Amino acid sequence: MSVSAFHEAPSQGLLIDSSPSLPNIMHLLEPRNSREHVEAFAAAVRAGLSREPKTLPFEYFYDDEGSRLFEAICKLPEYYVTRTEDAILRRHAPDMVKCLRRADGPLGEPTLVELGSGSAVKTRRLLAAALKRCGRLDYVPIDVSASALEESAGQLARKFPGLGITGYVADYRRGLERIMATAAGPRLIVFLGSSLGNYTMEGASDLLSMIGGLMGESDRLLLGTDMAKDAPLLEAAYDDSMGVTAAFNLNLLHRMNRELAADFRPDGFRHRAVYRPDRGRVEMHLVSLRDQSVQIPAARIAVRFREGETIHTESSHKYTLGMLAELRGAAGFVEESAWTDHRGWFRLQLWRRAG
Ligand code: AVI
C-alpha cells in the first residue's frame, strides 16, 4: 500500500542488514509506533471524520491485525480475486517475464520490483519463471509493513537460492525512486491483486503516471486488475458468510481505540458492502446503528454519528476495458500484452511507456 502521509526515516537512520545469506531490508519509513506515524494517523482521522460524508483512508486497514485478516480474506470461497489472478499467473508467468534477460555484462542482474508485496504468494509464479529464464534475478519488494516484508523475504530466500532480495519498507514513490535510480534495466515492475482498484480513478492515474515517469524504455509494468461483473458475486466477495471482511472493516475502529485512545464501541456499527456500477466500484462502509458520539483524544475531536450514518472506508474499483484504456492513456502507457481467465473476471496486462 502506498501511504504518502507517512514520513521517511532520516537517512542516517537507514537500517541495512547486509548478511550475505539473508535478504537486505531497507527501512525508509518511521516505525508504526513512532510519534510521526501516530500523528499522521490522527490527522487523517480528524480530516476524514470531520467531512460529510465521513471517510477514512483505506491504507489504515493494514496494521498487523488488518494484514492478518486480509490474508484470511484471500482464502475465502467468496473472494475469487486472489484465486483467479493466481490461476492466470500459473498459466502465463513464462510469457509475462519475457522482457527480462539474463545479465551478460557488469550491469547486475535482471530485476523484478513488486509494489505492495504483502505475503508475495502469487509472486512466486513470476519469480520461478524469471529464474528459469535468467538464471539469477534481483527481487525488490516494496511494502509499508515491515513484518510482512521480513517474513515473505525470508521464505522466498529459502525457496529460491538464485534470488537476491532487497526489500524496502517504504511508500511506493520513495521506494521506487530509490530502486529505479540504482537497479540496472530492464526492470519488470509488478502491481498485483487489483490493489490499484483501491485508489480513485484520479489517484490511480497519478500513481500510474508516477510509475511511468520512473520507467525507462526497456522497463515494463505488469498490472493486475479486477473486472466489472454481476452485483451478487461482487457483494458476496466483500461481505462473506464467515464475517471475515466485516472484521477487517471493523478493525479500523479497534485500531483507532488502540492507537488514538478513541472510545468507539464496535458493536455500535455494522459492515456494509455495496456495488455501485455507476461509480465502477464496490464500496465498503461502517454504518452507525444508533445516534452516538465518540471521543478521539489523539485526534483532538469528538464525532457525532446519526443512526444509519456511514463512514466510507474503502472503494474497490471493478474495471471495464474502457476504464483501463482511459487510465492507460492518461498515464502515458501502451499495452503490449494482456491475459485473462476464461470468465474474463480478472485481467493482467503488460504495459510500456508510450513514445
Ligand atoms: C487489497 N485490495 C485490493 C482488496 C480489494 O479487493 O479491494 C482489499 C479488500 N477489501 C475487502 N476485501 C478485500
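Read the numbers this way: they start at 1 and go in the same order the structure lists the ligands and their atoms. No experiment lies behind these values; they were computed from the predicted model shown.
- Heavy-atom contacts of S195 reach the following atoms of ligand 1: 3 (C) (cutoff under 4.0 Å).
- Under a 4.0 Å heavy-atom criterion, F61 is not in contact with ligand 1.
- Atoms of ligand 1 found under 4.0 Å from any heavy atom of S316, numbered from 1 in the order shown, are 5 (C), 6 (O), 7 (O).
- In summary, the atoms of ligand 1 found under 4.0 Å from a heavy atom of G193, numbered by their order in the structure, are 3 (C).
- Residues satisfying the ring-ring contact (aromatic ring centres under 6.0 Å, His included) test with Y168, not counting sequence neighbours, are none.
- Under the ring-ring contact (aromatic ring centres under 6.0 Å, His included) criterion, F160 pairs with no residue, sequence neighbours left out.
- Side-chain heavy atoms closer than 4.5 Å link hydrophobic residues (I, L, V, M, F, W, Y) into clusters, and following such links, possibly through other members, connects I88 to L233.
- Under the 4.0 angstrom criterion for non-hydrogen atoms, S194 is in contact with ligand 1.
- In summary, the atoms of ligand 1 found under 4.0 Å from a heavy atom of Y79, numbered by their order in the structure, are 4 (C), 5 (C), 6 (O), 12 (N), 13 (C).
- Listed by number with element, the atoms of ligand 1 under 4.0 Å from a non-hydrogen atom of Y62 are 1 (C), 8 (C).
- Under a 4.0 Å heavy-atom criterion, F58 is not in contact with ligand 1.
- Between Y79 and Y238, the angle of the ring planes goes over 60°, which puts this pair in the perpendicular group of the 30/60° scheme.
- Ring to ring, F58 and Y199 are close: their centroids are under 6.0 angstrom apart.
- At least one heavy atom of N198 sits less than 4.0 Å from an atom of ligand 1.
- The pair E177-R173 meets the salt-bridge criterion, with a side-chain N (NZ, NE, NH1 or NH2) lying under 4.0 Å from an Asp/Glu carboxylate O.
- When the options R347, R352, R220, R353 are evaluated for a salt bridge (charged side-chain N to carboxylate O under 4.0 Å, His left out) with E335, the one that passes is R347.
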